[in-house]
Engineer: 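One structure follows; several queries about it will come next.
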Protein chains: 2
Amino acid sequence: MIDRMAAATHPAMEDLDLPTVMHALADPIRLGLVRLLSDGEERAWGDLDAPVANSTLSHHLKVLRSAGITRTREEGKRCFVRLRSDDFEGRFPGLLDTTLALAAEAGTGVADVRLHSAAA
Amino acid sequence: MIDRMAAATHPAMEDLDLPTVMHALADPIRLGLVRLLSDGEERAWGDLDAPVANSTLSHHLKVLRSAGITRTREEGKRCFVRLRSDDFEGRFPGLLDTTLALAAEAGTGVADVRLHSAAA
DNA sequence: TTCTATCTTCGACGAACATCGAACGATCGG
DNA sequence: CCGATCGTTCGATGTTCGTCGAAGATAGAA
């Protein structure tokens, strides 16, 4: 679980470059995740329903986190994810908002990521 | 040369999806090319000075073209490239402008693509 | 402690990618 | 014609990526 003692490693925004961020946003699943989180609310890891195995989902969340796009918080046995909007906006102004607007539309190749039954 | 008779193949904007576009923008060289073209002016292929072999440059330009980001025109023996801003803006509003603004800044991991000596 | 739920990491696989040099084809100038 | 120029395409190479299942690690419950 993310190495509970070191907490999920979040990069400093100034260490990120544009290609890295673009690459993180260049996958249907990851875009689906970003879209699901677009309201700024925090979501429980276990509530995420993506069409891939858990190990793959974990990988995608790591890529997003490594690109400064999301933040992960640990609480006991569970994890919670949300966008890192403020920090990100400071480093890459406009990019997240623009991407969210585009990902919100249909027919853009964004994967169908939703919440399991118990939508909060 | 792009098959002179069929002209460089440009995709219809409605056939493009977001992951494809993001992927095209997730490479330092391609971002450098986009930045060089950011003023909307047309550039001669042969004037492009990127830190890769010609065959690689050709590949990158094809990726950008396939993603609807650039347009290629052929004139006799030479080629000219420019951004496909209008079409692109219609399909992915704000994305190109936002990317251009970010790519214009230093320290964002964008490759140094410029013009050969004879800048036009 | 032992079991269970939760997420990460490992190891492996095929596919896709960036890169190069060489070969190709088309065009234009002698 | 012949040769030079221009850009694409081919073939090869090493890397990265997305994906999975299995194994690992942690925290809480029994």
Side-chain angles (χ1 to χ4, degrees), chain A residues 1-10 17 19-33 42-67 70-81 109-111 113 116 118, chain B residues 1-10 17 19-33 42-67 70-81 109-111 113 116 118:
Chain A
M1 239 180 192
I2 297 185
D3 188 357
R4 303 305 195 155
M5 295 301 90
T9 163
H10 294 93
D17 58 14
T20 298
V21 170
M22 288 300 195
H23 170 258
L25 295 173
D27 179 273
I29 299 286
R30 291 194 289 264
L31 281 171
L33 285 166
E42 193 176 58
R43 310 287 180 189
W45 204 107
D47 287 345
L48 301 177
D49 183 17
V52 290
N54 278 348
S55 56
T56 303
L57 180 55
S58 182
H59 163 69
H60 284 309
L61 287 171
K62 183 178 181 179
V63 171
L64 287 174
R65 196 174 54 223
S66 300
T70 59
R71 185 190 304 279
T72 295
R73 181 174 66 87
E74 304 136 38
E75 185 178 318
K77 186 161 48 174
R78 297 192 295 166
C79 289
F80 295 88
V81 192
V110 177
V113 178
H116 275 127
Chain B
M1 240 185 188
I2 296 187
D3 185 357
R4 302 309 195 154
M5 294 301 93
T9 163
H10 294 93
D17 58 14
T20 299
V21 170
M22 287 301 195
H23 169 257
L25 295 174
D27 180 273
I29 300 286
R30 291 195 290 263
L31 282 172
L33 286 166
E42 193 177 59
R43 310 289 181 188
W45 204 108
D47 287 345
L48 301 178
D49 182 18
V52 288
N54 278 349
S55 55
T56 303
L57 179 55
S58 181
H59 162 69
H60 284 309
L61 287 171
K62 182 178 182 180
V63 171
L64 287 174
R65 197 173 53 224
S66 301
T70 60
R71 185 190 305 280
T72 295
R73 181 174 66 87
E74 302 137 37
E75 186 177 318
K77 186 162 46 174
R78 297 191 294 164
C79 290
F80 296 88
V81 191
V110 178
V113 178
H116 275 128

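For clarity, every value in this text was computed on a predicted model and none was experimentally measured.
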Engineer: Could you tell me which residues satisfy side chain to side chain contact (heavy atoms under 4.5 Å, CB included) with B/D49, sequence neighbours excluded, listed by chain and number?
Structural biologist: B/R114, B/H116
Engineer: So do the side chains of A/T56 and A/H60 get within less than 4.5 Å of each other, counting heavy atoms only?
Structural biologist: yes
Engineer: Write down the distance between CZ (B/F80) and C1' (D/dC6), rounded to a whole number of angstrom.
Structural biologist: 12 Å
Engineer: What I'd like to find out is whether the side chain of B/W45 reaches to under 4.5 Å of the side chain of B/L57, using heavy atoms alone.
Structural biologist: yes
Engineer: Within the structure provided, determine whether A/K62 and A/T72 are in side-chain contact (heavy-atom separation under 4.5 Å).
Structural biologist: no
Engineer: Would you indicate which nucleotide in C/dT4, D/dG18, C/dA18 comes nearest to any side-chain atom of B/H60?
Structural biologist: C/dA18
Engineer: Please state how far atom CG in B/D47 lies from atom P in D/dC6, giving the value in whole angstrom units.
Structural biologist: 10 Å
Engineer: For A/W45 and C/dT9, give me the distance from atom CH2 to atom P, rounded to whole Å.
Structural biologist: 12 Å
Engineer: Figure out the NZ/P separation between A/K62 and C/dT8, and round it to whole Å.
Structural biologist: 9 Å
Engineer: Can you pull every protein N or O that's under 3.5 Å from an N or O on nucleotides 11-16 of chain C?
Structural biologist:
none

Engineer: Under 3.5 Å, sequence neighbours excluded: what are the donor-acceptor pairs made by side chains of residues 19-28 of chain B?
Structural biologist:
from  : atom 1 : to    : atom 2 : distance (Å)
B/T20 : OG1    : B/D17 : OD1    : 2.4
B/D27 : OD1    : B/I29 : N      : 2.8
B/D27 : OD1    : B/R30 : N      : 3.2

Engineer: Side chain of A/D27 only, heavy atoms from C-beta on: which candidate in D/dT9, D/dT19, C/dT6 is closest?
Structural biologist: D/dT19
Engineer: Round to the nearest Å and state the distance from A/H116 atom NE2 to C/dA5 atom C1'.
Structural biologist: 14 Å
Engineer: Rounded to the Å, how far apart are A/L64 CG and D/dG18 P?
Structural biologist: 10 Å
Engineer: Sequence neighbours left out, what passes side chain to side chain contact (heavy atoms under 4.5 Å, CB included) with A/S55? Give chain and number order.
Structural biologist: A/A53
Engineer: Please report, rounded to the nearest Å, how far the C1' atom of D/dG3 is from the NZ atom of B/K77.
Structural biologist: 11 Å
Engineer: Do the side chains of B/L33 and B/V81 get nearer than 4.5 Å, heavy atoms only?
Structural biologist: no
Engineer: Using a cut-off of less than 4.0 Å, is there contact between a side-chain N or O of A/R78 and OP1 or OP2 of D/dT26?
Structural biologist: no
Engineer: Please report, rounded to the nearest Å, how far the P atom of D/dG28 is from the CD atom of A/E75.
Structural biologist: 9 Å
Engineer: Polar-atom pairs under 3.5 Å, protein N or O versus N or O of nucleotides 20-23 of chain C: list them with distances, or write none.
Structural biologist:
from   : atom 1 : to    : atom 2 : distance (Å)
C/dC20 : OP2    : B/A53 : N      : 2.7
C/dC20 : OP2    : B/T56 : OG1    : 2.9
C/dG21 : N7     : B/S55 : OG     : 3.4
C/dG21 : O6     : B/S55 : OG     : 3.1

Engineer: To the nearest 0.5 Å, what is the distance between CZ on A/F80 and OG1 on A/T70?
Structural biologist: 15.0 Å
